[in-house]
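Note: hydrogens, waters and symmetry copies are ignored here, and every other heavy atom, side chains too, is used. Each chain gets a letter, A, B and so on, in the order its sequence line appears, and its residues count up from 1.
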Amino acid sequence: MTAARARWRAVGRRSDGGVDIAVVDATGSVTERRVIPTAQLADEVAADPDARWIWSDTTAWYHGILAAGVRVDRCHDVRLCHAILRDSSLVTDAADLRAATAWDAASADPTAERDVLFALEPAADAIPHDLDATLTEFARQARAIGEATDPGRLRLLTAAESAGALVAVELHAAGVPWSRDVHDAILTDVLGPRPRPGELPSAVRDLADRVRAELGDPGASLDSHPRLLRSLHRVGVLVESTSKWELRRHDHPVIEPLLAYKRAMRLLSANGWAWMDEWIPVDRFRPVYVPGGVVTGRWASSGGGALQLPRMLRPAVRADERWTLVVADVAQLEPRILAAMAGDVALAEAARGRDLYEGIVARGTVPTRQDAKMALLGAMYGATSGDSGRLVPSLRRAYPRAMALVDDAARVGEDGGSVRTLLGRTSPEPSAAWRELQADAAEPEASDAVRAFARSRARERGRFTRNFVVQGTAAEWALAWLADLRRRLAAFPAVGEHPVTGRAHLAFFLHDEIIVHAPVDHADAAAEAVREAADAAGRLLFGSFPLDFRLDVRIAASADKS
DNA sequence: AACGATAGCGCG
DNA sequence: AAAGCGCGCTATCGTT
């Protein structure tokens with residue numbers, strides 16, 4: 001009976017259309033192996049709810065299983081973990097991982113229509129999906145982790161990354177509950193009623209008329225930057241670009257309507273009626289999340305612009321009848337991560353139980369909250385001038401440990417080295433071109449121009465590695481938060497059939513914010529789960545270090561921030 | 001006609 | 001006009 005309760009199980013696609021399904025040990029050795037029809041896979045998964053499923057790619061496998069109504073509790077995503085371990089500086093010998101280049105290919109396209117698992121032929125450059133290749137790579141990874149400088153961190157990271165992949169598929173399946181009516185009302189309010197195809201909304205036309213009148217040119221083009229620039233110059237607005245931050249600085253009657261026009265056109269083209277029809281055919285927005293899509297470990301998105309939903313449209317995020325939303329975001333996540341990583345007790349003290357920026361002001365480091373925010377962002381992004389850079393030195397005096405962490409990361413990056421997050425995700429190596437440039441600039445006969453250019457590129461890379469450690473570790477905290485919350489919510493009372501959406505479930509995630517869609521009666525418990533999960537994530541990454549991850553949590557039918 | 005690069009703006 | 005990180009998307013314009 002041990003086989004049925006085995007912790008590790010693996011699946012692979014067969015060329016005859018079936019699925020190889022295996023029981024394996026922690027090193028990837030097969031102890032039992034069978035062939036099943038693809039249609040039977042979901043039942044097999046359902047029959048072993050405690051298993052940890054090893055598979056090539058969560059997107060490729062889990063969509064179909066979840067569509068069949070079966071939830072997976074844990075997995076090991078071979079493709080995602082390959083990318084982490086191949087590059088991690090905690091891995092002592094990554095030669096064979098680097099040689100296994102088949103695993104560097106792209107993930108399955110989650111938007112591809114498929115009635116059954118793998119109904120479509122994979123692209124020629126896709127990763128392998130067969131059991132042998134999957135387990136061979138899994139064995140490499142297990143060995144790499146076992147021999148690593150700190151196996152515990154990499155076990156946490158690979159588990160968190162894989163859990164995130166499950167969440168991403170579930171988020172897509174659940175979708176963001178969305179009111180087309182509210183969306184339409186916002187568009188109508190800002191732009192005017194929906195126009196006929198090929199026509200502009202009335203408010204946009206009116207704004208364009210006003211702009212053209214102020215430009216003294218009824219035929220002026222507003223959408224071509226070079227032509228708009230010339231028109232502006234003709235009326236004495238001597239800007240160098242047409243960007244809003246530069247326009248804002250000029251006092252001319254054309255500015256106000258022009259900025260309003262740009263704003264309206266932006267809303268229309270990015271999230272107007274066409275976008276609504278394409279992305280919200282019924283009452284759900286289903287963005288495609290791409291776990292690990294950013295080098296730092298943050299998620300990216302593909303299609304729909306899920307990570308750029310304008311705040312203006314957030315009222316359109318609306319819970320179903322008898323359901324509500326739990327909207328939670330972390331206050332000052334990255335500065336808190338920095339304090340905990342660096343073990344900076346003074347910064348942690350400023351953050352404890354309150355707004356971190358207010359805490360910095362209370363210590364007398366800088367005069368205002370805005371100053372504190374600018375200074376801290378400047379420190380994490382590498383600002384050297386302006387309001388932000390000017391404030392960094394006082395921060396450096398007050399919080400030397402935290403500042404040393406980011407300053408060291410920047411120095412390593414400028415020197416061409418790699419940095420890593422708390423759990424071991426490692427920054428990419430500099431390109432060959434970057435190294436050549438630095439080598440050229442180091443030659444005695446190098447010109448001043450080459451030296452200056454090389455220096456500028458070195459500082460640029462330093463800013464990247466400076467931010468990498470903080471942004472990447474924040475992404476790890478967020479993954480731990482998501483993974484813990486996901487499992488808490490799975491234990492909530494069911495009100496429907498579906499294993500994910502038939503109870504309180506995650507509906508949206510964006511770096512440091514989550515939205516849970518919950519039956520009204522379960523909203524308080526869901527909010528509590530959100531808080532408990534944040535506490536658990538903090539303990540998982542930082543143990544007993546005295547720092548809380550403060551959440552702003554609100555329960556409302558709409559995601560509008562009021 | 002079909003790309004790629006660029007400007008600009010939205011999000012964290 | 002980015003000075004300061006990470007993204008995705010749209011429209012325009014130049015190249016092939």
Side-chain angles (χ1 to χ4, degrees), chain A residues 200 221-229 238-250 258-272 274-275 278-279 287-314 317 329-335 337-338 373-392 395 406 409-410 413 419 421 425 427-428 456 459-475 477-478 508-515 559 561:
Chain A
L200 287 174
S221 166
L222 307 187
D223 300 319
S224 162
H225 302 139
R227 283 190 268 179
L228 176 59
L229 205 53
L238 302 179
V239 286
E240 286 182 25
S241 77
T242 63
S243 60
K244 66 176 184 184
W245 55 264
E246 194 182 355
L247 289 170
R248 249 197 312 251
R249 298 176 155 260
H250 287 76
L258 178 55
L259 290 177
Y261 171 84
K262 286 165 76 89
R263 211 168 119 84
M265 280 302 278
R266 166 78 193 187
L267 178 64
L268 177 67
S269 58
N271 298 100
W275 180 87
E278 182 181 355
W279 287 97
V288 175
Y289 297 92
V290 185
V294 180
V295 282
T296 59
R298 271 188 175 182
W299 291 10
S301 71
S302 150
L307 276 51
Q308 303 128 256
L309 278 183
R311 304 203 75 84
M312 193 191 296
L313 283 182
R314 297 195 53 135
V317 179
D329 66 280
V330 193
Q332 306 100 31
L333 175 59
E334 291 188 359
I337 289 289
L338 173 57
K373 183 174 180 176
M374 293 296 289
L376 212 34
L377 290 178
M380 291 188 301
Y381 293 165
T384 53
S385 64
D387 288 345
S388 188
R390 183 171 49 75
L391 292 161
V392 172
L395 214 58
V406 285
V419 296
T421 59
R425 197 184 306 258
S427 63
S456 161
R459 287 196 189 279
E460 195 174 276
R461 187 160 190 279
R463 290 193 298 275
F464 166 64
T465 52
R466 168 189 292 271
N467 187 247
F468 182 97
V469 292
V470 180
Q471 185 183 119
T473 304
W477 182 92
F508 188 65
F509 168 61
L510 182 55
H511 308 319
D512 63 355
E513 174 186 14
I514 56 102
I515 298 178
K561 196 162 200 165

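- Put simply, CZ on R466(A) and CZ on R463(A) are 9.5 Å apart, with the number rounded to the nearest 0.5 Å.
- R298(A) contributes no side-chain N or O that forms a donor-acceptor pair with the base of dC7(C) under 3.5 Å.
- Taking atom C1' in both dA2(C) and dA7(B), the straight-line distance is 13 Å, to the nearest Å.
- Residues W299(A) and V290(A) fail the side-chain proximity criterion, which asks for heavy atoms closer than 4.5 Å.
- Looking only at side-chain heavy atoms (C-beta outward), L309(A) and N271(A) come within less than 4.5 Å of each other.
- Nearest nucleotide to the side chain of P310(A), out of dC11(B), dG12(B), dG4(C): dC11(B).
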TODO: Step by step, work out the salt bridge (Lys or Arg N to Asp or Glu O under 4.0 Å) result for R314(A) and E513(A).
DONE: CA-CA 13 Å; R314(A) 297 195 53 135; E513(A) 174 186 14; 2.6 Å; yes

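- The CG atom of L395(A) sits 15 Å away from the C1' atom of dG4(C) (whole-angstrom rounding).
- Of the candidate nucleotides dC9(B), dT12(C), dG8(B), dG8(B) has the atom nearest to the side chain of H225(A).
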TODO: Convert the base pairs of DNA chain C into dot-bracket notation, remembering that pairs crossing earlier ones are written with [ ] and that bases paired across to another strand are shown as |; include only Watson-Crick or G-U pairs under 3.5 Å.
DONE: ....||||||||||||

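- For T242(A), a side-chain nitrogen or oxygen approaches OP1 or OP2 of dG8(B) to under 4.0 Å.
- The closest side-chain heavy-atom distance from L307(A) to H511(A) is below 4.5 Å.
- Spacing between atom CZ of R459(A) and atom C1' of dC5(C) amounts to 16 Å, rounded to whole angstrom units.
- Atom C1' of nucleotide dG6(C) and atom CD of E460(A) are separated by 13 Å, given to the nearest angstrom.
- Between dC7(C) and S301(A), no contact under 4.0 Å exists linking OP1 or OP2 to a side-chain N or O.
- Side-chain atoms of Q308(A) come within donor-acceptor range of the base of dG8(C), with a qualifying N/O pair under 3.5 Å.
- The interatomic distance linking L268(A) (CG) with dC9(C) (P) rounds to 18 Å, in whole Å.
- W477(A) is not listed as a side-chain neighbour of D512(A), based on a closest heavy-atom distance of 4.5 Å or more.
- In this structure, of dC7(C), dG12(B), dG10(B), it is dC7(C) that holds the atom nearest to the side chain of V295(A).
- Among the heavy atoms of the strands, none lies under 4.0 Å from M312(A).
- For dG8(B), neither phosphate oxygen OP1 nor OP2 lies less than 4.0 angstrom from any side-chain nitrogen or oxygen of K262(A).
- For the pair T384(A) and dG4(C), the criterion of a side-chain N or O lying under 4.0 Å from OP1 or OP2 is met.
- Residues K262(A) and L258(A) meet the side-chain proximity criterion, which asks for heavy atoms closer than 4.5 Å.
- Nucleic acid contact for G305(A): sugar-phosphate only, since backbone atoms but no base atoms lie under 4.0 Å from a heavy atom of the residue.
- With DNA chain C read from its 5' end, the first of the two nearest nucleotides for A300(A) and P226(A) is the one closest to A300(A).
- With T473(A) contributing its side chain and V470(A) its backbone, the two residues share no donor-acceptor pair below 3.5 Å.
- G304(A) comes within 4.0 angstrom of sugar-phosphate atoms only, judged by non-hydrogen atoms across all strands, and of no base.
- Along DNA chain C, the nucleotide nearest to G303(A) and the one nearest to V294(A) differ in position, and the one closer to the 5' end is contacted by V294(A).
- A straight line from CH2 of W299(A) to C1' of dC7(C) spans 15 Å, rounded to a whole angstrom.
- G382(A) comes within 4.0 angstrom of the backbone, heavy atoms only, and of no base.
- Here R311(A) reaches the OP1 or OP2 of dG12(B): one of its side-chain N or O atoms lies under 4.0 Å away.
- Residue contacts shown for S388(A) include a base, since a base heavy atom lies under 4.0 Å away.
- Within 4.0 Å (heavy atoms only), Q471(A) reaches at least one base atom of the nucleic acid.
- Atom CG in N467(A) sits roughly 7 Å away from atom C1' in dG6(C) (whole-Å rounding).
- Residue Y381(A) contributes atom OH, which lies 10 Å from atom P of dG6(C) at whole-angstrom precision.
- Across all strands, E513(A) comes closer than 4.0 Å to no nucleic acid atom at all (heavy-atom distances).
- You'll find the side chain of F464(A) stays beyond 4.5 Å of the side chain of Y381(A), heavy atoms only.
- For L510(A) and dG10(B), the CG to C1' distance is 11 Å, given to the nearest whole Å.
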